[in-house]
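In the text below, chain A, chain B and the rest are named by the order of the sequence lines, each starting its count at 1.
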Amino acid sequence: MEPEQRLTEIIGLDNRRKEVQGALDETLNRSNQLSKKIGALMQSGHREEAQKIKLETSEIKERGKILSEQLQDIEKALKEKLYELPNIPNEKVAAGQSEEDNELLFQKGELPQLEADHQPHWELIKDYGLVDFNLGNKITGAGFPFYKAQGARLVRGLVNYFLDKGIASGYQEVQPPILVNEASGLATGQLPDKEGQMYHLSDTNLYLIPTAEVPLTNIYRDTLLVEADFPIKMIGYTPCFRREAGSWGADVRGLNRLHQFDKVEVVQIAKPEDSYAVLEEMKQHVEDLIASLELPYRMLRLCGKDLGFTAAITYDFEVYSGGQKKWLEVSSVSNFENYQANRLKLRYKAQEGENQLAHTLNGSALAVPRILAAILENNQTSKGIKIPSVLQPYLGFDFIEK
RNA sequence: AGAGGAGUGGCAGAGUGGUCGAAUGCACCGGUCUUGAAAACCGGCGUACCGAGAGGUACCGGGGGUUCGAAUCCCUCCUCCUCUGCCA
């Protein structure tokens, strides 16, 4: 359906809502008045008069019942339509026809000069015994790899490193549940798109999270914040689960795209006037993190076509992975402005003026498997794989040999 | 999982069928007093929707029901506490 048509429909429904609610309010008002009268008469012992008025109420009751059923139907329809409405892109976002139209804002770092016999990471992980996909296929299915030995330690080390860097930047660490209910999925915008990315547990009606954004942001569902609550900076490590139904063939080899992967996520809740400054802060945090791993990277601003359903603006960070000669997306940093807050009923009570919706933001800091792939590919030598110096304290080794 | 108890405003806590959106206390905001602060006193102090406003409507864990009228009675679901069972 055309966007304008959708909006017209929503506005029409809202007008109907007002109309019906007005009529219902009026009916309820009359009913309340009569009930009060009956109460007063009963107490003063005028039973017969009370009885008379009682008879009058049946018509009002009937009318109220019809109206409230109508109102419920309208509200349900309205809610459904509103839940299906995506966010409005920020004015900086280019319209765009495809991901080709994402704007490249900068590129930093030297592309690796690899030896002639260099390999993509899916060969390296086999050669060095770091990740076992066959075992994943056996135990679970495609896209659920086993990390082993130094591979497992790399995952754990990266997660710890990312968390420590976040904590040093003032984020509070949170370990959330990785199953969430339907209300949470609706609030951050993963639902109602049921055919989308989440695994669903039908027996308990819970969903496996596709990102820690869902539980972390939902902490603030149905919340009224005050000045003293800010800043709100959370960081959480979770496994993430994505169905990626119908993944379009590309980029699916090795660690590039998985059904289960590890990610450290940062989430901030901000006052509306601060959210773009917070976005800059989060971008900087992610950039510093990638730079510290000595990986070449670039930043893009997503165009409207590539922008997610819920974001007002998104910046993607990609690292260059020399073995496969590809840029891999390792972080998305987004400002949702008040879109999620509206669904969350997350408001901010300013000193003056009316309560307003807060702004929500999040970003990956970082996604583990693609970072791992880039580290392996870019640092390979004929003798083994070098470990970036910042990770060495987390791993207890500085080189991977056969 | 079984048995019992409980869920009321930011917090504590009254209220078991009628003017209860809800006493009271604390917290918070404004004022009086004070050189200033504290104390005391006075006033204010929930959210959402409709309305230009006056005002109206809804909300006492969620949903449904009984009744002219429900925080209060009934059903159901959820959550928490206690005991029993099970379990990392």
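- Only the P atoms considered, B:rU34 is 22 Å distant from B:rC29, to the nearest whole Å.
- Map A:Ala40 and A:Gly22 each onto its nearest nucleotide of RNA chain B; the residue landing nearer the 5' end is A:Ala40.
- By the salt bridge (charged side-chain N to carboxylate O under 4.0 Å, His left out) test, A:Glu287 pairs with A:Lys108, sequence neighbours left out.
- Only the P atoms considered, B:rA71 is 31 Å distant from B:rG2, to the nearest whole Å.
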* Sugar-phosphate or base contact per nucleotide [nucleotides 58-79 of chain B; S, B, -; heavy atom under 4.0 Å] -> S-----S---BS----------
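- Looking at the side chain of A:Arg17, the nearest of the listed nucleotides B:rC49, B:rU47, B:rG56 is B:rC49.
- Within the structure, every pair that satisfies the ring pair (Phe, Tyr, Trp, His ring centres under 6.0 Å) test and touches residues 302-327 of chain A, not counting sequence neighbours, is listed here: A:Tyr320-A:Trp327.
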* Structure fact -> Parsed dot-bracket for RNA chain B after applying the Watson-Crick and G-U rules with both distances under 3.5 Å and | for other-strand partners is ((((((((.[[[..)..(.....]]].(((((.......))))).(((((....))))).[[[[[..)....]]]]])))))))....
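- Between A:Phe106 and A:Tyr297, the angle of the ring planes goes over 60°, which puts this pair in the perpendicular group of the 30/60° scheme.
- Pairs engaging residues 270-294 of chain A under the ring pair (Phe, Tyr, Trp, His ring centres under 6.0 Å) rule: A:Tyr171-A:His285 [sequence neighbours left out].
- Across the P atoms, B:rU19 and B:rG69 are found 14 Å apart, a figure rounded to whole Å.
- Nucleotides B:rG53 and B:rC49 place their P atoms 14 Å apart, quoted to the nearest Å.
- Legend: ring pair (Phe, Tyr, Trp, His ring centres under 6.0 Å) pairs involving residues 208-241 of chain A, not counting sequence neighbours, sorted by first then second residue: A:Phe230-A:Tyr348.
- Comparing the C1' positions of B:rU84 and B:rC11 gives an interatomic distance of 34 Å, to the nearest angstrom.
- Donor-acceptor pairing under 3.5 Å is recorded for the side chains of A:Asn205 and A:His200.
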